[in-house]
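Written below as structure tokens is the structure these notes are about.
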Amino acid sequence: MDDLIKRAKELIETSAVKVVIGYEQGTGNKTRALFVEKSEDADKLIFDSRCVQNLAAYVTKKEVKEKGKMAIAATLPVMRSIIQLASEFQVNDNNLLVLGITPESKLIEFGNLVEVETFVHQYTIEIDARNKEMLDKLAKMTQAERWKFWIDELAPCFKCYACRAACPMCYCHQCTVDFNQPQWIPVPSHELGNLEWHIMRAIHLTGRCIDCDACYNACPLSIPINLLTKKMLEDAKEHFGGYQPALKGDHLMSTYKPDDKENFIH
Amino acid sequence: MSKIGVFVCHCGENISATVDCAKVAETAGNYDGVAYSVDYKYMCSDPGQNLIKSAIKEKGLTGVVVASCSPRMHEPTFRKACAEAGLNPFMCEMANLREHCSWVHEKGEATTEKAIDLVRILVEKVKYNHSLSEIKVPVTKTALVIGGGIAGIQASLDIANTGHKVILIERDPSIGGHMSQLSETFPTLDCSQCILTPRMVEVAQHPNITLYTYAELESLEGFIGNFKAKIRRKSKSLDEKLCTGCGLCTTKCPAKKIPSEFNEGLGKRTAIYVPFPQAVPNKPVIDRINCTYYIKGKCKICEIVCPTGAIRFDQEDQIMEVEVGAIVIATGFTVKQPDFFPEYGFGKYPDVITGLQFERLASASGPTLGEIRRPSDGKIPEKIVFLACAGSRDPAKGIPYCSKICCMYIAKHAMLYQHKVHGGKSYVFYMDIRAGGKMYEEFVRRAIEDDGVNYIRGRVSRIYEKNGKLIVDGADTLLNAMPVEIEADMVVLATAGVANEGAEELAQKLHISYDPYKFFAEAHPKLKPVETNTAGIFLAGACQAPRDIPESVAMASGAAVKVAGLFSQDELTREPIIAVVNRQAPPVYSSCVGCFLCISTCPYQAIEKEEIKNRNGEVIKSMAKVNPGLCQGCGTCVAFCRTKSIDIQGYTHEQMYTEVMALLNEY
Ligand SMILES: Cc1cc2nc3c(=O)[nH]c(=O)nc-3n(C[C@H](O)[C@H](O)[C@H](O)COP(=O)(O)OP(=O)(O)OC[C@H]3O[C@@H](n4cnc5c(N)ncnc54)[C@H](O)[C@@H]3O)c2cc1C
Ligand code: SF4
Ligand code: SF4
Ligand code: SF4
Ligand code: SF4
């Protein structure tokens, strides 16, 4: 990724941006986010197959935003996140420059978000085979079996909120679980509380989740919560013709239409 | 500490027959925070209300729960009683023991238990109630009427005569609508133009009415009392101030072969034209699509002949913004054309015409000067067939409803034919004769009995041409479906009355709803026939469903009264049951993250963006803001917002949660 390093240096040196967000070598075999503010730090930038963390989660963080204009090394999932975030008015051309990394690991710098969108729209969001198989298995279960599956899977969740912190779409300053007057979602990690937390999260991400798996990767207990959002993605396809982040147009779950079929109410 | 009063009503026997009201009152009296609890035969009666008022004063109540009927009935009564005793009216809540309990359950323990639960949740809720004040919004006392048919004309005149200003916009070059095209009108057979044109002139001359023809609504913003409408005034290619209406241009225009809309294609007009002699305004417009100059870049004959130099080829559409307080929609309807009917030749037989075309043939101002002559060769038809329900009442054609006016105008047409063509034979194929209305049935009987029109009950399966005749294949269902074949010279289809093309887009611009057939929807089919679901927007005439003239006029006057009622106030008061986005101290300002996804969820377009700026004018926070004039308190945004930043006043998260917890006995 020499061209990425070179470009990052230029951007910082010319003050075109104040910070470049990318990946660096972490402890062990892990990579972690790097915030380049000085041109010499750019040498630490790396990019390889281990770089799966969704960096878009940082562009809405106050501490990062405050630095000034940001540039971000963005893989396809990151670019998707950025388009969704832009449609929710969280980022725009004035505060973010996208240094795209194509699935073929090529660097492309985009002039603006419209170009990013055009690029992203060349690909549809596809659920990978392993998870697809799991979803089909879940669909074939009886309601009671499925219920037990989720109760068991969610039981160990101790609400560390790492999934939320890793998710680019979970940028709310006050998450529904943090809302305590009244406390609609119970804080303790009991059966009901865990179930409510994850159902709520899945609903809030429907039509917004770009299927990056960052939440699942962040979970210290590897709880397959991404199956919930993947299921919603499938449902979105079945009922609304599919989801693709877009700068303009109707939001999947939040657009009032007088002619909505509402045939899910029986 | 709350001091709540609970007032349990027997509603005569309505509640007390199945609920033990005394027990409800007694149980409620023991709840924390309840200072007074009592049951009484009729809470809504004067003594009942006095009971509440004196308890408020004597016990110093901070909240009131009336356990009686549906709040839809008496909430205003009890809130007013509280206000009179000095308690904020929004500190009063109602538990519905009648519709939700006593009427739907049998007498018994469980029923009383449920009544107790209903009271308890409201006792808990009222502890979280806050004083609210009504919202006041100013009223712009100008009405916008859209559509200048008889309904729009009537509504405009009625509103203008109450002393208020009216802006009337009409899409076509002249007002008048369908009524101006009619020959005579049922059930009196008086000449349509003769009764209509005086009203058209009155509109043009009325000091309170501003008329814009060749104009359409571009967009609408705002809310009851405070709408902002953008109107597109299409270019007429004419300086109307200079034009004297002499008509010289229309006689000289070389493009003379354009089918006249007014004559339903049976006559021709020029490219610069006045649609009909009595048009209001009586000044021409240039139809740019058919004008030789706009097509070929050469001509300008009208400009040369115009004695006042009024022609303006370079005139552009004008967008005008007006502020209005109320809107009446009177955009009328349209009729299906013969090409909709494969079984009747897809419109390929020139002598199969619509009822509206027949009106033009029968009209003294029409292309045949009132003689019934068939379009193909100008022959007077000796045999004529009228088909009722062409398209209407036919679910297979997507029009299951009855167009309502056809039975009557067919009788009129057949009668006019018999009067004009002596010795002619007329046949009517019908499904049922629907002649409900004053003097309507008598009118149809006159056609059958005095004028000898042959009514055949049955449908026509096919029409085809043979040897210059139109063969009408039908069946007489009163004679055991016996086949009937008539060799006719002309066939008139009473084609279905349908919504205007573009009705859907107009409804969307106006934020009103429409029915499955794209007719605009009234707020209540019985009790609110001229209101729409959007406050301040009313309906008149055939834009709501096919209607005849008397009904359209009555509706128009009804809508005008609603507008006048609205304009009788300087300010509107609205219940404060609306959504509010929370505000917090700087630097947070609000928990709203400005995702603005709530904007598109709101069915009433009540949410907008608000920018909080610092002293230097820089935006430091963008957040959602609810327009109190538009919000209907539906709560959609509240459920949607992920940061829980929106609350409905009077139904806050806190209040709803408390109610649920009270029901679960976890309060
Ligand atoms: C063949 C036939 C015969 C009839 N005979 C009789 C009869 O004898 N007696 C009787 O009582 N009734 C009769 N009727 C019914 C009568 O025509 C209607 O009741 C009447 O025309 C309804 O009036 P209206 O103003 O609601 O609609 P319309 O007459 O349709 O007027 C609507 C007006 O709005 C304008 N408009 C439409 N869209 C827009 C827009 N977007 N912006 C601005 N302006 C717009 C149109 O140009 C038109 O001028 C007959 C109908 C037909 C079809
Ligand atoms: S990261 Fe895992 S354990 Fe932590 S809150 Fe999310 S699901 Fe629960
Ligand atoms: S996969 Fe997980 S982390 Fe990625 S967008 Fe969806 S919910 Fe957020
Ligand atoms: S109120 Fe809620 S939904 Fe609306 S913009 Fe703010 S955070 Fe988003
Ligand atoms: S309560 Fe309903 S009408 Fe009011 S702002 Fe929210 S969604 Fe719109």
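Below, chains carry the letters A, B, ... as their sequence lines are ordered, and counting in each starts from 1. Predicted model only: the values in this text are computed from it and were never measured.
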Is it true that atom [atom1] of [X] has more than 12 heavy atoms of other residues, nucleotides or ligands lying nearer than 6.0 Å?
X	atom1	value
B/Glu608	CD	yes
A/Lys69	NZ	yes
A/Glu115	CD	yes
A/His190	NE2	yes
B/Tyr657	OH	yes
A/Lys148	NZ	no
B/Lys397	NZ	yes

Closest approach of [X] and [Y], non-hydrogen atoms and distance?
X	Y	answer
A/Phe89	B/Cys595	CD1-O, 3.6 Å
B/Lys644	A/Thr176	CE-CG2, 3.8 Å
B/Ser591	A/Gln174	OG-NE2, 3.5 Å

Next on the checklist: Taking the cut-offs as 6.0 angstrom to the six-membered ring centre and 45 degrees off its axis, would you call B/Arg642 and A/Phe179 a cation-pi pair?
Outcome noted: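 Judged by the rule, B/Arg642 and A/Phe179 form no cation-pi pair.
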Item to check | Spatial distance of atom CD (A/Gln181) from atom NE2 (B/His653) [nearest 0.5 Å] | outcome: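 Nearest 0.5 Å value for the CD-NE2 distance: 11.5 Å.
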Item to check | N/O donor-acceptor pair under 3.5 Å between A/Glu88 side chain and B/Val593 backbone | outcome: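 It does not hold such a pair.
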Item to check | Side chain B/Ser600, main chain A/Ser254, donor-acceptor under 3.5 Å | outcome: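 The answer is yes, because a donor-acceptor pair under 3.5 Å joins these two groups.
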Checklist entry - Quick one: does B/Leu597's side chain get under 4.5 Å of A/Arg208's, heavy atoms only? => result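 A side-chain contact exists here, since the closest heavy-atom pair is under 4.5 Å.
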Next on the checklist: So A/His251 and B/Phe596, do their side chains get closer than 4.5 Å, heavy atoms only?
Outcome noted: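 No, their side chains stay 4.5 Å or more apart.
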